[in-house]
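Structure first, commentary second.
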Amino acid sequence: MKRFNSFPLFFKVLFASLLLVATPAQAQDTQKKLMVFGDSLVAGYGMSLDQAFPAQLEKKLQAAGHTIKVINAGVSGDTTSAGLTRLDWALQQNPDYVIVVLGGNDMLRQVDTKVTRENLEKILAKLKERKIPTLLAGMRAYRNMNDFFGGGFETIFEETADKYDAVYYPFFLDGVALNAQYNLDDGIHPNPAGVNVIVEKIYDDVEELLKRKE
């Protein structure tokens, strides 16, 4: 009798063990993925990966109760053309949301605004086709380049976001650009303190993005 009575207890222990093993997998299944797709401002030029924008944003989102993984899909030096070229490869990570931060290098290299607009439209069109809610972060031209662009650079981002129903954040470097305490010595890339400013300023718009796909 003792031998047979031991079986129910054995199966109870086995079942409990399986539940413990399944829990992490189930957590992964429910975890959303937010991909930040962009250039060196995303990659974290001049700092460690845990100081870069995606990592700092993930910390803030998780602290607020979101079960979410933020993917760093930034490549230093990327223009909108380079971003468009690697988009399909990046999307193999199957993100639930995407933040696009591109255009700064187009401005620095004085790329024709028609090319920048066309690339951004193709990127957002592909994301919309895949039904991936998107936030487009805008960029601004340096004052001495406004004449070159005829004032048409900054309008690209808002008009493209409107066209493809993306959340629009006017200026990714808001509060950081031209502020020495928030930038590396090159005066272009934010330092860790600058990244924290960016995270705080863009956070409400990221929350709006997450509401688009619960």
Side-chain angles (χ1 to χ4, degrees), residues 19-45 47-80 82-104 119-139 157 160-161 163-169 172-173 190 192 194-214:
L19 285 178
L20 290 174
V21 172
T23 299
Q26 290 171 351
Q28 290 178 355
D29 288 342
T30 60
Q31 186 181 54
K32 298 291 187 180
K33 291 186 288 186
L34 166 60
M35 185 173 75
V36 189
F37 184 73
D39 50 32
S40 56
L41 299 177
V42 172
Y45 176 87
M47 65 185 77
S48 61
L49 284 177
D50 65 341
Q51 295 173 319
F53 173 75
Q56 292 302 314
L57 178 61
E58 179 181 277
K59 289 178 182 178
K60 186 168 178 65
L61 286 167
Q62 291 183 352
H66 292 284
T67 305
I68 194 163
K69 172 68 177 176
V70 181
I71 301 167
N72 188 331
V75 174
S76 294
D78 258 12
T79 59
T80 56
L84 177 60
T85 298
R86 68 181 177 90
L87 180 60
D88 285 335
W89 177 83
L91 288 176
Q92 291 179 20
Q93 299 187 73
N94 297 315
D96 297 285
Y97 315 90
V98 172
I99 296 175
V100 178
V101 186
L102 287 169
N119 290 332
L120 285 175
E121 287 196 359
K122 288 180 178 179
I123 290 171
L124 264 65
K126 182 162 291 189
L127 294 172
K128 186 173 183 179
E129 180 182 356
R130 297 194 181 201
K131 299 181 180 179
I132 303 175
T134 301
L135 183 154
L136 178 61
M139 295 300 299
F157 302 91
T160 303
K163 184 174 181 178
Y164 293 96
D165 193 31
V167 177
Y168 171 60
Y169 184 68
F172 186 72
L173 295 175
V195 171
N196 288 335
V197 172
I198 295 170
V199 170
E200 291 297 325
K201 285 185 170 290
I202 200 173
Y203 185 78
D204 287 345
D205 292 270
V206 175
E207 285 278 11
E208 180 184 343
L209 173 67
L210 299 185
K211 291 175 182 177
R212 296 197 171 192
K213 185 177 183 181
E214 297 293 345

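What you are looking at is a predicted structure, and each value in this text was computed from that prediction instead of being measured. In this chain, residues are counted from 1 in sequence order.
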Side-chain heavy-atom pair [X], [Y] within 4.5 angstrom cut-off:
| X | Y | answer |
| --- | --- | --- |
| His66 | Glu207 | yes |
| Thr134 | Tyr164 | no |
| Leu102 | Phe37 | yes |
| Val199 | Lys59 | no |
| Ile198 | Gln56 | no |
| Arg212 | Asp165 | yes |
| Leu41 | Met139 | yes |
| Asn72 | Val36 | no |

From [X] [atom1] over to [Y] [atom2], what is the distance, rounded to the nearest 0.5 angstrom?
| X | Y | atom1 | atom2 | result |
| --- | --- | --- | --- | --- |
| Leu84 | Asp78 | CG | CG | 10.5 Å |
| Leu91 | Ile123 | CG | CD1 | 10.0 Å |
| Asn119 | Lys122 | CG | NZ | 6.5 Å |
| Leu34 | Ile132 | CG | CD1 | 11.0 Å |
| Thr160 | Tyr168 | OG1 | OH | 9.5 Å |
| Glu121 | Thr80 | CD | OG1 | 11.5 Å |

Any donor-acceptor N/O pair, [X] side chain to [Y] backbone, under 3.5 Å:
| X | Y | answer |
| --- | --- | --- |
| Gln62 | Thr67 | no |
| Glu58 | Val70 | yes |
| Thr79 | Ala82 | yes |
| Asp96 | Lys33 | yes |

Nearest heavy atoms of [X] and [Y], plus distance in Å:
| X | Y | result |
| --- | --- | --- |
| Leu49 | Ala43 | CD2-O, 3.8 Å |
| Met47 | Pro190 | CE-O, 2.9 Å |
| Lys163 | Lys128 | O-NZ, 4.3 Å |
| Gly103 | Phe157 | CA-CZ, 4.2 Å |

Lys/Arg-Asp/Glu bridge criterion (N-O < 4.0 Å) met for Lys126, Asp88: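 A salt bridge links Lys126 with Asp88.
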Step by step, would you call Tyr203 with Leu61 a side-chain contact (heavy atoms from CB on, under 4.5 Å)? CA-CA 8 Å; Tyr203 185 78; Leu61 286 167; 3.5 Å; yes
